[in-house]
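Below is one structure, written out as structure tokens; the observations come after it.
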Amino acid sequence: MENTKIISDNGAVIDVNGIFYIFNSKYYFIYTKGELEENGYVKLYLVQVCKEVQNTQSGPVETGYMLGMEINDQAEWQKVQSSITTIVEDKKNGTQSATIQYLPINMLVNLKVVSNNKFKLLRHIVEDNFKIVLPNNEQATSNNAVYDITAAKTNASEELDSDVIIDYRAKFFEEQEKNGELENQIKVLQEKINNIKTIIQ
């Protein structure tokens, strides 16, 4: 993750660490303010990025700002969560997935975050894979809470319930299960081949 600045809905400029990327032909930005939570998790945010446009008498005009908005469609959010898992794997293994195109952070200019999706990753994943140095205290500072702008949520306990925990290990077990199924299929095919060889002989 690289350091950059974003603008909150109240105009405050905030320092964050983030990754700017393209997935399914759309632009996304994952970022963290280094907020620590219980059980060794770190809070992260994701926004879909687009250019801010104003309607004028002569037609739509770009303002020079980018807008970061949450993904409201649940099906799309599920797909984007898979991109987070892929990015974690890429950073862990030093690979470049074909489904993700990483963009230079300096392409992200004047980003105004209007709303966002929240998720959590284990602290050691954020530190090891994204090379971020996090504070030693176990709880996030309360003044950061001002910036959590999920319009649908009204209090802190509801807000925490809305966080998605991205567990990259689930993908590992899923792949392991697929490998087991493939191995069984190979055994069945091998037996068929052996039977055919016996008949031919």
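Index from 1, following the sequence.
The two residues Ile105 and Asn3 come nearest to each other via the heavy atoms CG2-O, 4.4 Å. The shortest heavy-atom contact between Thr4 and Leu108 is OG1-O, 4.5 Å. Between Lys79 and Phe23 the shortest heavy-atom distance is O-CE2, 3.5 Å. Listed here is the closest heavy atom pair of Ser97 and Thr99: OG-OG1, 2.9 Å. When every heavy atom of Gly64 is checked against every heavy atom of Asn110, the shortest pair comes out as O-ND2, 3.3 Å. Pairing each heavy atom of Phe20 with each of Pro104, the nearest pair is CD2-O, 3.9 Å.
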Steps toward side-chain contact (heavy atoms from CB on, under 4.5 Å) verdict (Ile7, Val113): CA-CA 6 Å; Ile7 304 163; Val113 173; over 6 Å; no
Verdict with reasoning, Leu44 to Met1, per side-chain contact (heavy atoms from CB on, under 4.5 Å): CA-CA 12 Å; Leu44 293 98; Met1 285 188 168; 3.6 Å; yes
Candidate pair Asn17 and Glu2, rule side-chain contact (heavy atoms from CB on, under 4.5 Å), full reasoning: CA-CA 5 Å; Asn17 287 294; Glu2 296 176 89; over 6 Å; no
Test side-chain contact (heavy atoms from CB on, under 4.5 Å) applied to Tyr31 and Ile6, step by step: CA-CA 10 Å; Tyr31 64 97; Ile6 59 173; 3.6 Å; yes
Lys187 vs Glu183, salt bridge (charged side-chain N to carboxylate O under 4.0 Å, His left out): CA-CA, chis, key distance, verdict: CA-CA 6 Å; Lys187 279 180 189 172; Glu183 281 171 16; 5.9 Å; no
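Between the side chain of Glu62 and the main chain of Met66, no donor-acceptor pair closer than 3.5 Å is present. Judged by distance alone, with hydrogens and angles left aside, the side-chain atoms of Asn116 form no donor-acceptor pair with the main-chain N or O of Glu70 at under 3.5 Å.
Atom CD1 of Ile193 sits about 10.5 Å away from atom CD1 of Ile200, to the nearest 0.5 Å. Note that the CG atom of Asn194 and the CD1 atom of Ile199 stand 11.0 Å from one another [nearest 0.5 Å]. For the atom pair Lys43 NZ and Glu37 CD, the distance stands at 5.0 Å (nearest 0.5 Å). Interatomic distance, Asp90 CG to Thr85 OG1, rounded to the nearest 0.5 Å: 11.0 Å. Taking CG from Leu67 and CG from Leu111, the interatomic distance works out to 8.0 Å, rounded to the nearest 0.5 Å. Here the CG-CE distance, from Asn117 to Met69, works out to 11.5 Å after rounding to the nearest 0.5 Å.
Heavy atoms from other residues, nucleotides or ligands lying under 6.0 Å from OH of Tyr65 number 12 at most. No more than 12 heavy atoms of other residues, nucleotides or ligands lie within 6.0 Å of OH in Tyr27, so this atom counts as exposed by the packing criterion.
A donor-acceptor pair shorter than 3.5 Å can be found between the side chains of Tyr21 and Ser83. Glu35 and Tyr45 share a side-chain donor-acceptor pair at under 3.5 Å.
By the criterion of side-chain heavy atoms lying less than 4.5 angstrom apart, applied directly or through intervening Ile, Leu, Val, Met, Phe, Trp or Tyr residues, Phe29 is grouped together with Met107 in one hydrophobic cluster.
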Please tabulate, one pair per line, all N/O donor-acceptor pairs under 3.5 Å involving side-chain atoms of residues 46-60, not counting sequence neighbours.
{"unit_1": "Glu52", "atom_1": "OE1", "unit_2": "Thr63", "atom_2": "OG1", "d": "2.7"}
{"unit_1": "Glu52", "atom_1": "OE1", "unit_2": "Lys112", "atom_2": "NZ", "d": "3.3"}
{"unit_1": "Glu52", "atom_1": "OE2", "unit_2": "Lys112", "atom_2": "NZ", "d": "3.1"}
{"unit_1": "Thr56", "atom_1": "OG1", "unit_2": "Ser58", "atom_2": "N", "d": "3.4"}
{"unit_1": "Thr56", "atom_1": "OG1", "unit_2": "Ser58", "atom_2": "OG", "d": "3.2"}
{"unit_1": "Thr56", "atom_1": "OG1", "unit_2": "Gly59", "atom_2": "N", "d": "3.4"}
{"unit_1": "Thr56", "atom_1": "OG1", "unit_2": "Gly59", "atom_2": "O", "d": "2.5"}

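Side chains of Val16 and Lys5 form no contact here, defined as non-hydrogen atoms less than 4.5 Å apart. Here the side chains of Ile87 and Phe130 are in contact, with some heavy-atom distance below 4.5 Å. For the pair Lys33/Ile14, a side-chain contact is recorded, criterion being any heavy-atom separation below 4.5 Å from C-beta on. Side-chain contact between Tyr102 and Lys91 is present, with at least one heavy-atom pair separated by less than 4.5 Å. Considering only heavy atoms from C-beta on, Thr32 comes within 4.5 Å of Val42 through its side chain. Using a 4.5 Å heavy-atom threshold, the side chains of Tyr28 and Val80 count as touching.
For Asn195, there are no side-chain hydrogen bond (donor to acceptor under 3.5 Å, both in side chains) partners two or more places apart in sequence or in a different chain. In this structure, the side-chain contact (heavy atoms from CB on, under 4.5 Å) partners of Asn93, at least two apart in sequence or on a different chain, are Glu89, Thr95.
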